[in-house]
Amino acid sequence: MSANITVPLYRAAHGRTGDKGNRSNISVIAWSPELWDLLVEQVTTEAVAALFRHRQPSFVQRHLLPNLQAMNFVLDDVLDGGVNEALNLDGHGKALSFLLLELPLQVPAGLAACLAGPPFDSNN
């Protein structure tokens, strides 16, 4: 049994964000099919709701797309009223996928070769 390594989600997946009114859609797409089960297990509605707690989502849904090794999160009431009402610089919420991609992920060391980015060095 191999030890786990902790990496940010962006090492295992990429993302894209969209918006409709005061609702944000954040897609998470695995870089490798071998990482899909880990994403399903760890990138849950509870984990996402906790990560976005400061934005006070009223509801978080997760939709799985296993044939694409992807998932879509729908977060209600996180865009300060939507693009026409928000006073923040990111009324569309495009940067929200970057926040989600910082979520810590536990990956078995045996799957390190499936991660994006430089090879994992357990000595650093």
Side-chain angles (χ1 to χ4, degrees):
M1 186 164 132
S2 63
N4 285 340
I5 56 175
T6 303
V7 298
L9 178 57
Y10 66 80
R11 296 287 310 268
H14 57 102
R16 183 164 170 88
T17 307
D19 67 288
K20 289 291 181 206
N22 199 21
R23 175 178 284 166
S24 181
N25 293 289
I26 306 174
S27 296
V28 175
I29 306 103
W31 287 118
S32 171
E34 292 82 5
L35 299 168
W36 172 242
D37 289 336
L38 289 173
L39 297 181
V40 172
E41 178 184 307
Q42 296 180 48
V43 188
T44 63
T45 55
E46 295 81 11
V48 172
L51 186 66
F52 284 89
R53 180 177 33 248
H54 68 286
R55 301 296 298 239
Q56 300 177 325
S58 62
F59 191 64
V60 177
Q61 285 183 303
R62 179 178 78 166
H63 303 279
L64 299 178
L65 301 132
N67 289 340
L68 300 174
Q69 291 89 45
M71 57 182 73
N72 185 54
F73 287 92
V74 180
L75 292 84
D76 289 340
D77 302 314
V78 294
L79 296 176
D80 298 332
V83 69
N84 293 327
E85 295 179 31
L87 297 177
N88 65 48
L89 294 175
D90 187 17
H92 291 282
K94 296 298 184 183
L96 296 181
S97 63
F98 293 99
L99 174 60
L100 181 53
L101 292 172
E102 288 289 336
L103 184 77
L105 192 67
Q106 296 295 311
V107 177
L111 290 176
C114 297
L115 298 172
F120 183 77
D121 181 1
S122 60
N123 297 319
N124 287 336

Fill in: Check: Leu99 and His54 side chains under 4.5 Å, non-hydrogen atoms
yes
Flag yes if Leu103 and Val28 sit in one hydrophobic cluster, no otherwise; membership is Ile, Leu, Val, Met, Phe, Trp, Tyr, and two members link when side-chain heavy atoms are under 4.5 Å apart. yes
Can I get a per-line list of side-chain donor-acceptor pairs under 3.5 Å for residues 44-52, giving both atom names and the distance, sequence neighbours left out?
unit_1	atom_1	unit_2	atom_2	d
Thr44	OG1	Glu46	N	3.4
Thr44	OG1	Glu46	OE1	3.3
Thr44	OG1	Ala47	N	3.0

Practice prompt. Could you state whether Leu75 and Leu64 fall into the same hydrophobic cluster, counting links through intermediate Ile, Leu, Val, Met, Phe, Trp or Tyr residues with side-chain heavy atoms under 4.5 angstrom apart?
Written response: yes
> Do Val43 and Met71 come close enough that some side-chain heavy atom pair is under 4.5 Å?
Replying inline: yes
Discussion item. I'd like to know if the side chain of Arg11 reaches the main chain of Leu115, judged simply by a donor and an acceptor atom lying under 3.5 Å from each other, with no hydrogens or angles considered.
Written reply: no
Minimal heavy-atom distance between Leu101 and Gly15, with the atoms involved, is CD1-N, 3.8 Å
Rounded to the nearest 0.5 angstrom, the CG-CG distance for Asn25 and Asn72 is 5.0 Å
Show me, pair by pair, the donor-acceptor contacts under 3.5 angstrom made by side chains of residues 30-39, not counting sequence neighbours?
unit_1	atom_1	unit_2	atom_2	d
Trp31	NE1	Tyr10	O	3.0
Trp31	NE1	Ala13	O	3.2
Ser32	OG	Glu34	N	3.4
Ser32	OG	Glu34	OE1	2.1

Problem - Same cluster (ILVMFWY, side-chain, under 4.5 Å), Leu111 and Val7 - result: yes
Note, Arg62 side chain near Val40 side chain (heavy atom, < 4.5 Å): yes
The side-chain hydrogen bond (donor to acceptor under 3.5 Å, both in side chains) partners of Arg23 (sequence neighbours excluded) come to Asp76
